[in-house]
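Down below is the structure, laid out as structure tokens.
Read the numbers this way: they start at 1 and go in the same order the structure lists the ligands and their atoms.
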Amino acid sequence: MSFLPIFPGSVDAVGQPATLGVMGGGQLGRMFVQAAQRLGYFTAVLDPDPQSPAGCVSHHHIQTGYSDAGGLKQLASLCAAVTTEFENVPADALQALAISRPVAPGAAAVAIAQNRIEEKAHFTASAGVAGVTCAPYAVIATPAQLAAVPTGLLPGILKTARMGYDGKGQVRVANMAELAVAWADLKGVPCVLEKLLPLKAECSVIVARGWDGAITGFAPQYNVHVGGILAVTAAYEGNMPPALALRARAATESIASHIGYVGVLCVEFFVIDDGSADGALVVNEMAPRPHNSGHYTLDACDVSQFDLQVHAMAGLPLPAPRQHSPAIMLNLLGDVWFDAASRPRTPDWQAVLALPGTHLHLYGKLEARAGRKMGHLTITGADVAGVQATARQAARVLGLPGLDPLG
Ligand code: ADP
Ligand code: MG
């Protein structure tokens with residue numbers, strides 16, 4: 001678009017300061033706003049929640065629904081460009097904004113990420129060039145498709161095509177009878193059945209792609225999920241076999257470039273046991289935004305995933321990030337705010353913050369609930385062994401799970 005780049009600190013012809021907007025006011029939006037403001041941009045958040053984590057720290061907070069015509073008009077009039085922080089933002093809303101403003105990522109890319117059926121078709125067309133496949137799967141949208149499911153896909157995981165996150169909208173099924181019950185329980189909405197794979201590990205790759213097609217990104221993160229939610233991210237050399245790391249990055253770049261993606265994209269992979277020493281890569285899903293597994297970049301890299309989100313949408317250069325410290329990120333779910341007897345408590349920040357290289361990020365959510373993402377703790381240090389030791393100490397203090405797979 002001809003009116004890019006949008007320079008931070010600039011003022012347009014009618015005296016309006018360069019303002020960047022975001023659809024969604026969660027923690028990802030908050031960290032985006034903070035990165036944009038550090039550069040000197042004004043920010044606007046659209047989120048109906050008056051207490052949204054991003055709305056609370058933004059210059060402007062438009063408190064309407066995501067499809068509200070008035071709210072979208074206000075966002076477009078305030079902002080020189082708009083991004084999104086959650087994938088279930090209505091694609092139509094992004095489309096409407098795109099009539100008058102650069103929107104990154106665009107509606108088409110977000111629509112693919114919103115639907116597992118389209119997502120898998122896209123992966124098959126784009127990740128294959130890097131030798132990466134999807135899990136074997138079948139689409140179940142009709143009773144005939146249910147009846148025709150190959151038994152080789154069982155045991156499997158039935159996932160709703162739309163609106164799933166953090167393990168929601170998923171049911172593990174062992175046989176055809178359980179599959180039929182699970183699909184009925186999900187009200188017969190379009191689903192995919194995926195074969196349950198023997199996971200050795202999970203990882204993710206975050207890249208940023210500009211309007212001009214320039215692409216940059218981070219090395220793969222090693223992720224540990226507990227109960228379907230990310231618990232731990234390990235980001236340092238040796239976190240996964242180098243050949244797999246290269247292939248995961250190549251597959252992610254291909255997935256982004258194939259659809260002319262603009263913005264920050266995260267792709268999640270499984271490493272499955274195929275009998276080889278390294279294991280094989282399987283692509284799982286993509287998020288059209290910064291990702292929980294990339295939060296360590298705020299403290300361990302010279303350029304964070306949120307900096308790249310700002311740069312990409314505003315048409316600024318996309319420098320290759322340099323990770324200067326090994327890092328482990330521990331997710332802080334609301335569970336940490338309760339003791340073993342479910343009594344509310346304040347986590348022992350005193351002990352955690354006394355540990356070397358700990359960076360606490362809380363998202364400003366006033367009410368802690370089990371499973372709610374309240375914040376994260378990144379541990380950086382001079383070497384991997386030191387970071388692991390500190391992470392274990394912090395996890396012990398806070399009662400956090402998920403560090404065992406790191407060895
Ligand atoms: P969400 O949108 O909730 O993140 P995912 O598809 O990423 O959904 O699934 C959540 C988690 O469930 C994954 O991170 C992985 O641990 C596990 N999982 C998902 N699909 C499979 C599969 N086909 N085989 C084995 N484990 C899986
Ligand atoms: Mg996932």
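Residue, atom and distance of the protein heavy atom nearest to atom 16 (O) of ligand 1 are E202 OE2, 2.5 Å. L199 CD1, 3.6 Å is the protein heavy atom nearest to atom 26 (N) of ligand 1. Shortest contact from atom 12 (O) of ligand 1 to any protein heavy atom: Q170 OE1, 4.1 Å. Nearest protein heavy-atom neighbour of atom 1 (P) of ligand 1: E285 OE2, 3.3 Å. Of all protein heavy atoms, the one closest to atom 3 (O) of ligand 1 is G167 N, 2.4 Å. Counting protein heavy atoms only, atom 17 (C) of ligand 1 is closest to R172 NH2, 4.1 Å. The nearest protein atom to atom 24 (N) of ligand 1, hydrogens excluded, is given as L197 N, 2.9 Å; this is a heavy-atom distance. Atom 19 (C) of ligand 1 has K159 NZ, 3.3 Å as its closest protein atom, hydrogens excluded (heavy atom only).
Ring centers of H258 and H122: under 6.0 Å apart, within the cut-off. The aromatic ring centroids of F86 and Y66 lie less than 6.0 Å from each other.
Against a heavy-atom cut-off of under 4.0 Å, F270 is close to the following atoms of ligand 1: 13 (C), 15 (C), 18 (N), 19 (C), 20 (N), 21 (C), 22 (C), 27 (C). Atom numbering of ligand 1 starts at 1 in the shown order; those under 4.0 Å from a heavy atom of H225 are 14 (O). For ligand 1, the atoms lying closer than 4.0 Å to a non-hydrogen atom of R116 are 1 (P), 2 (O), 6 (O), 8 (O). Every atom of ligand 1 with a heavy atom of N284 under 4.0 Å away is listed here by number and element: 5 (P), 6 (O), 7 (O). For ligand 1, the atoms lying closer than 4.0 Å to a non-hydrogen atom of L196 are 24 (N), 25 (C). In the vicinity of E268, heavy-atom distances shorter than 4.0 Å reach the ligand 1 atoms 7 (O). Taking every heavy atom of I157 and a limit of under 4.0 angstrom, the matching atoms of ligand 1 come to 18 (N), 19 (C), 20 (N), 21 (C), 22 (C), 26 (N), 27 (C).
Taking CG of L199 as the start and CG of D273 as the end, the distance is 10.0 Å to the nearest 0.5 Å.
When only modelled atom types and interatomic distance are considered, Q51 and K365 share no side-chain donor-acceptor pair under 3.5 Å. With hydrogens and angles left out, the side-chain atoms of S293 and S204 include a donor and acceptor closer than 3.5 Å. Residues S276 and D274 have side chains that bring a donor and an acceptor to within less than 3.5 angstrom of each other. Defined by atom type and a distance below 3.5 Å, a donor-acceptor pair is present between the side-chain atoms of H291 and E268. Between the side chains of N331 and K373, no donor-acceptor pair of N or O atoms lies under 3.5 Å.
Of all N/O/S atoms in E285, OE2 sits nearest the Mg ion (ligand 2). Note on E268: its N/O/S atom closest to the Mg ion (ligand 2) is OE1.
With a 4.0 Å heavy-atom cut-off, ligand 1 is reached by no atom of M163. At a heavy-atom distance under 4.0 Å, no atom of N223 approaches ligand 1.
When each of Q305, H359, Q221, H376 is paired with Y296, the side-chain hydrogen bond (donor to acceptor under 3.5 Å, both in side chains) condition holds for Q221 and for no other. The one candidate from R162, R116, R289 that meets the salt bridge (charged side-chain N to carboxylate O under 4.0 Å, His left out) condition with E87 is R289.
Between Q388 and Y236 there is a side-chain heavy-atom pair separated by less than 4.5 Å. The shortest distance between side-chain heavy atoms of L398 and L332 falls below 4.5 Å.
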